[in-house]
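Residue numbers count from 1 along this sequence.
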Amino acid sequence: MDQKELREWEAKCIQEEPPACRAGCPLNVDARAFVLSMARGDLDGARAVLEKSMPLAAVTARLCEAPCEVYCIRKDLGGAIAVGGLERQCIRETSPKGKIPRLPARPRKVAVIGSGPSSLTVAFDLARKGHPISVYHLGEKPGGWLRGLDESFLPQTVLDAELQRLGSLHVTFVSVPALDAALIEVHPADAMYVGQDDTIAPDLLALLTPPDPETMALERPGWFTGGMAGREFRFISAVSQGREAAVSIDRFLQNASLTSSRVPLRDGRTDLFTQTFGIEPVERVVPAGQGGFTREEAVREAGRCLDCQCLECVKHCVYLAEHGGYPKSYARRVFNNSAIVQGMRQANTFINSCSMCGQCETLCPNDFSMADMCLDARREMVDLNRMPPSAHWFALEEMRSAKDAQAALIRHAPGASASDAIFFPGCQLAGIRPEQTLRLYDRLLEIEPRTGIWLDCCAAPAHWAGRREEFAAVLSAMEKMWSGMGRPMVVTACSTCLKMFREHLPAFGAVSVWTLLSESGVQAASTGRPLALSDPCTSRHDAQTRDAVRSLLARLGQPLAELPMSGELTECCGFGGLMDNANPALARKVAQARVAQSEADFLTYCAMCREQLARTGKPVLHILDLLFPETARPATEPPAGISARRVNRRRLKDEILARHGLDRGPREPWEELRIVVADDVAAMLEERRILEDDVRRVLFAASKGGRVLRHGGDGRLIAASRLGEVTFWVEYREGADGYEILKAWSHRMRIAGGDL
């Protein structure tokens, strides 16, 4: 990812867009943060938010007409948050946050004519930047029309205190008899501001041409104005114009462009999306007394805030929520991960943990796809040889084993010399439910007798791992095999296989087996109890298959307990995108979050979804348990382990060969070794991704003269052997029933001092 690509990714995520209330504030006050602090009862924190953006906050907070309320998302759900009332309550009950910071002094002087709100804002903003300011005002004290306000709105002691704080910023107040043109000659300055929200003499006003609405600059160089009448919100509009003028004056004094890269006022415009579906209206809190909100009333009113954010993807994705950010921040994380030359690449696990389910893209108003971003990052890491070998190693080995001579098979139907269709069950269904795979194939033969069978893997692991070359090579080989079979229609039982073929091998014309069954009919019965149907994430954009499954279930009379996130919004089981390989702990959390969405038993039509969800202890059925009751497995059946899946694929191939009158393929000598594995040891092997086949190969090598270490005096032995890129150790005892396995572990390392 380069800088340009980073900017493109960042632009898609709107989470950092301001909420509508902040976008509607001409001073850019973070009204959301302010209100949320009030809701927590943190008035000091709330005041700090105001003082960060408000000039003379004790005055501004009391008089602000709160245009932000016009844009509040809550306005149609009980009424806008009373931000103005909350500001007044906050400012009444808190004290200023200490000395106002000021930058080092600068030499060029600014004259501010008038002391109304706009002029005081110019003085405040420029004084903080270190400019020497002189404010020329009428009467004994500055303040303009603010001096005429009722004490209930603005106590004069408050105004005096704020002006005193302004004076601490090296602002000089000069009382003059008239705010007229003569001031220009008597009091020259490097820049001049004329505040029209004070009593300006006609001869000075006559010098004022209409200001530039963006910069508040006049035609005369160095002259600026603001505080013009006619705006809807008199006070806050004047303050806003003063602030814009101050920005321009600061740029002018530094000989910088008044307009380059200037951030315009939003006037409520924002791209932030806030989901309001399902939010109940809550009526606005009305103060009981005439003096405004009490503290308790303020907390209740602030508690109505929706905390407007997008985060639609994060709300529904355990992976995104787990890493404490949102897509724009994740794009930066991915960029930084690839940009470093050396050192720890701390985002590797983050990049490799995405399930690539696509839910985020469906939920996002701008179609931000974490799947695409992470896949691009994985491909780049592979291309640059920066992908940790362990990240996807086991999944790739599983893919390769499903394609090796012991498990893979492609044949026409028994007795047929050609195929009109070919059944591709997928490596997971074949490995998890071999008997049901055969029963499903028999049903397809009833529908179309010239249906061949193809035991193989669709190469999704290579695709998910970002291994473009291996993925392309596998697809090319599969296309040749398919062509050799006469280019039949490919029928899949796996939604991932279907997605891979439709996207990367469209010539296959792949269709879902569930679609064919829904069209031909089935004879079975329902469980009688509602089941929560969990759509596989790879069927997200396959409405035809999802509808076909529901049609089948309706025909069976099976009632469903619909999940809140299903169909196009369905959630991953934790296996997709190789999450379970790169981050098993996160995959467990994802599965737990999924089954927690319903108290009903679950039902799915993806073999791996069934296994992942069942691993949580939730009763889960596969649709084949309903369609073919004679092969049904109990919903509480533990998931098949990785070792069983390897063995099941071989047995399924043997069964298919037997139907053709052919002997099974050759077996490796280590396959005949008898091992005894207790349940706790089996769980350990599963967690460590160590196959019983691996254990047998190590023990076989030991029996043929490999290295063996006697461990203790109780008959324990440790054998080690290097299998491919991994070194395995097995601790065991020899017994009458075979080898008793006690422990096993592995590492991607070589042992110094000779080969194992």
Side-chain angles (χ1 to χ4, degrees), residues 1-18 260-261 263 270-273 309-389 391-392 459-472 475 499-500 503-504 537-538 540-541 572 576-579 581-583 586:
M1 182 189 297
D2 57 26
Q3 284 278 359
K4 180 176 179 294
E5 292 171 320
L6 172 62
R7 298 293 172 255
E8 291 172 351
W9 280 114
E10 286 183 315
K12 288 187 175 184
C13 180
I14 57 176
Q15 173 59 21
E16 292 180 5
E17 282 282 295
S260 179
S261 301
V263 179
T270 180
D271 290 327
L272 184 68
F273 173 77
Q309 302 188 61
C310 181
L311 296 179
E312 284 301 293
C313 55
V314 178
K315 293 173 187 174
H316 299 286
C317 177
V318 175
Y319 159 70
L320 291 177
E322 181 81 4
H323 290 87
Y326 45 88
K328 179 171 284 190
S329 64
Y330 294 147
R332 297 171 190 141
R333 191 177 300 184
V334 171
F335 171 78
N336 292 334
N337 193 71
S338 61
I340 62 174
V341 176
Q342 55 186 331
M344 295 292 291
R345 287 184 166 78
Q346 296 181 347
N348 281 355
T349 300
F350 167 76
I351 291 169
N352 288 324
S353 296
C354 176
S355 70
M356 298 188 180
C357 74
Q359 185 195 50
C360 55
E361 184 177 10
T362 301
L363 288 167
C364 177
N366 286 344
D367 301 327
F368 193 110
S369 173
M370 286 296 301
D372 289 347
M373 186 174 73
C374 288
L375 181 59
D376 287 347
R378 293 181 194 182
R379 287 170 171 170
E380 182 177 359
M381 291 166 66
V382 170
D383 293 345
L384 296 176
N385 199 29
R386 292 177 178 173
M387 176 63 74
H392 304 126
H463 172 68
W464 287 335
R467 298 183 176 271
R468 283 181 281 199
E469 290 186 7
E470 184 172 7
F471 184 54
L475 293 182
K499 186 174 188 287
M500 288 293 110
E503 292 181 359
H504 304 284
C537 61
T538 44
R540 183 179 313 285
H541 302 300
C572 185
L578 306 184
M579 176 190 282
N581 283 263
N583 198 333
L586 179 62

Taking distance alone, no hydrogens or angles, what donor-acceptor pairs closer than 3.5 Å link side-chain atoms of residues 357-367 to residues at least two apart or in another chain?
unit_1, atom_1, unit_2, atom_2, d
Gln359, NE2, Leu569, O, 2.9
Thr362, OG1, Gly358, O, 3.3
Asn366, ND2, Lys12, O, 3.2

Would you say that more than 12 heavy atoms from the other residues, nucleotides or ligands in this model lie under 6.0 Å from the CG of Asn385, or not? no

Using 30° and 60° as the class boundaries, would you call the ring planes of Phe350 and His323 parallel, tilted or perpendicular? perpendicular

Is a side-chain N or O of Tyr330 found less than 3.5 angstrom from the main chain of Leu320, in a donor-acceptor match? yes

Is any side-chain heavy atom of Lys328 less than 4.5 Å from a side-chain heavy atom of Phe368? no

Quick check: are there more than 12 heavy atoms from other residues, nucleotides or ligands sitting under 6.0 Å from CD of Glu469? no

Are the side chain of Asn583 and the backbone of Met579 linked by a donor-acceptor contact shorter than 3.5 Å? no

If only atom types and distance count, is the side chain of Thr270 paired as donor or acceptor with the main-chain N or O of Glu17 below 3.5 Å? no

Is there a side-chain contact between Met387 and Glu380 (heavy atoms, below 4.5 Å)? no

Give the minimum heavy-atom separation between Val314 and Gly325, together with the two atoms involved. CG2-O, 3.6 Å

Pairs meeting criterion side chain to side chain donor-acceptor pair (under 3.5 Å) with involvement of residues 310-319, two or more places apart: Glu312-Lys315

Kindly determine whether Gln3 and Phe335 satisfy side chain to side chain contact (heavy atoms under 4.5 Å, CB included), including the steps that lead there. CA-CA 8 Å; Gln3 284 278 359; Phe335 171 78; 3.6 Å; yes

